[in-house]
Every structure is written in C-alpha cells, then in structure tokens.
Amino acid sequence: MTTTPYDTALRIERRELDAIKLSISVEVELLRQFEDTHATLLDSMKRERAVASATGLPGDGWATRMRSRRGELEAAARMSRDRLAALRENATEAYGKVRAIETAAETWQEEAERAASVAEQAQIDDISGARIIAKRRREPERTA
C-alpha cells in the first residue's frame with residue numbers, strides 16, 4: 001500500500017487509542033482490586049462481629065474504623081468506575097477518529113490508483129496513436 005497524507009495522523013490516533021486501551025485495562029484492574037478488598041473487608045467485619053457477640057468483647061472502635069475503611073473503598077471504587085466510564089467514552093471517540101482517518105486514507109488511495117490508471121491509459125492511447133500515425137506515414141497513400 002502506498003503512503004498517504006493521512007498516515008501520520010492515523011499513527012498518532014492509533015497510538016492514542018492504544019494508550020486509552022491500556023488505561024482502561026489498568027483502571028479495570030484497579031477497580032477489581034477495590035472490589036476484592038471491599039469483599040474481604042466485609043467478610044472480616046462479619047467474622048469479627050460474630051466473635052465479638054459470642055465473647056462479649058467490645059469491638060466498637062474496630063468496627064468504626066472498618067466502616068470508615070469500607071466507605072473509603074466504596075468512594076474509591078465509585079471514582080474508578082467514573083474514570084472507567086470516561087475512558088470508555090474517550091476510546092469510542094478515538095476509535096471514531098481512527099475510522100474517519102482510515103476512510104479518508106482509503107478514499108485518497110483509491111483516487112490515487114484511479115488517477116494512475118487514467119494516466120497509464122492515456123499513455124497507452126498516446127503510444128497507440130503514435131504507432132498508427134507512424135504506420136500511415138510509412139505507407140504510400142492509396143488512391144482509389
């Protein structure tokens with residue numbers, strides 16, 4: 001495939017799209033970690049409550065800290081989901097740009113090929129016409 005005037009812009013947009021994809025992967029992993037930590041914290045809180053109620057030991061301070069930690073994790077997960085939604089929106093936009101540039105490059109390529117084909121046909125027609133003229137000049141005129 002021949003290079004087009006759109007190749008540089010296309011490479012830049014593809015790199016941006018790749019960067020967004022990578023950011024999405026990182027954010028998905030971060031969100032998964034928040035959710036795993038939150039689930040582990042909830043399990044720990046259930047176990048500790050069961051132990052505290054069975055033994056009669058006070059666990060109010062610990063429970064308060066864990067509720068606070070749970071709130072922090074929920075807020076972090078919410079922010080992560082928001083960032084993920086924004087990244088996905090950016091990815092959709094970037095993909096649209098890539099497709100638009102690819103379409104423009106394909107159209108340019110088709111036009112260049114068509115122009116080359118027309119030029120080649122014109123050259124063939126010129127050669128053919130020159131042969132006919134040269135042949136006529138070599139042959140003596142026929143009189144009827």
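What you see below is based on every heavy atom in this structure, not just the backbone, and it leaves out hydrogens, waters and symmetry mates.
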Rounded to the nearest 0.5 Å, what separates atom [atom1] in [X] from atom [atom2] in [Y]?
{"X": "L41", "Y": "K46", "atom1": "CG", "atom2": "NZ", "value": "11.0 Å"}
{"X": "E93", "Y": "I20", "atom1": "CD", "atom2": "CD1", "value": "8.0 Å"}
{"X": "N90", "Y": "L17", "atom1": "CG", "atom2": "CG", "value": "10.5 Å"}
{"X": "L87", "Y": "L22", "atom1": "CG", "atom2": "CG", "value": "10.0 Å"}

query: Linking I/L/V/M/F/W/Y whenever any side-chain heavy atoms sit under 4.5 Å apart, do W108 and V98 land together?
result: yes
- Mind checking whether L73 and L84 sit in one hydrophobic cluster, side chains of I, L, V, M, F, W, Y counted as touching below 4.5 Å?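 In one cluster: no.
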Check side-chain contact (heavy atoms from CB on, under 4.5 Å) between [X] and all other residues, then give those that pass, not counting sequence neighbours.
{"X": "S25", "value": "none"}
{"X": "T92", "value": "none"}
{"X": "E72", "value": "S68, R69"}

- prompt: So, does S44 use its side chain to make a donor-acceptor pair with the main chain of T40 at under 3.5 Å?
  reply: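 Such a contact is absent between S44 side chain and T40 backbone.
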Checklist entry - When you measure from the side chain of S80 to the backbone N and O of A76, does any donor-acceptor pair fall under 3.5 Å? => result no
Identify every side-chain donor-acceptor pair in residues 7-16 under 3.5 Å, counting partners at least two apart or on other chains, and give the distances.
from	atom 1	to	atom 2	distance (Å)
D7	OD1	T4	OG1	2.8
D7	OD2	T4	N	2.9
T8	OG1	R11	NH2	3.4
R14	NH2	E102	OE2	2.6

With sequence neighbours excluded, give me every salt bridge (charged side-chain N to carboxylate O under 4.0 Å, His left out) pair touching residues 24-41.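 Salt bridge (charged side-chain N to carboxylate O under 4.0 Å, His left out) check on residues 24-41 returns E27-R83, E29-R32, R32-D36, E35-R81.
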Return all side-chain donor-acceptor pairs below 3.5 angstrom for residues 113-121, not counting sequence neighbours, or 'none' if the list is empty.
from	atom 1	to	atom 2	distance (Å)
E113	OE2	Q109	NE2	3.1
R114	NH2	E111	OE2	3.0
Q121	NE2	D125	OD1	2.9

### Task
Heavy atoms only: give me the nearest A91-I24 pair and the separation to one decimal.
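Looking at all heavy atoms of both residues, the closest pair is CB-CD1, 3.9 Å.
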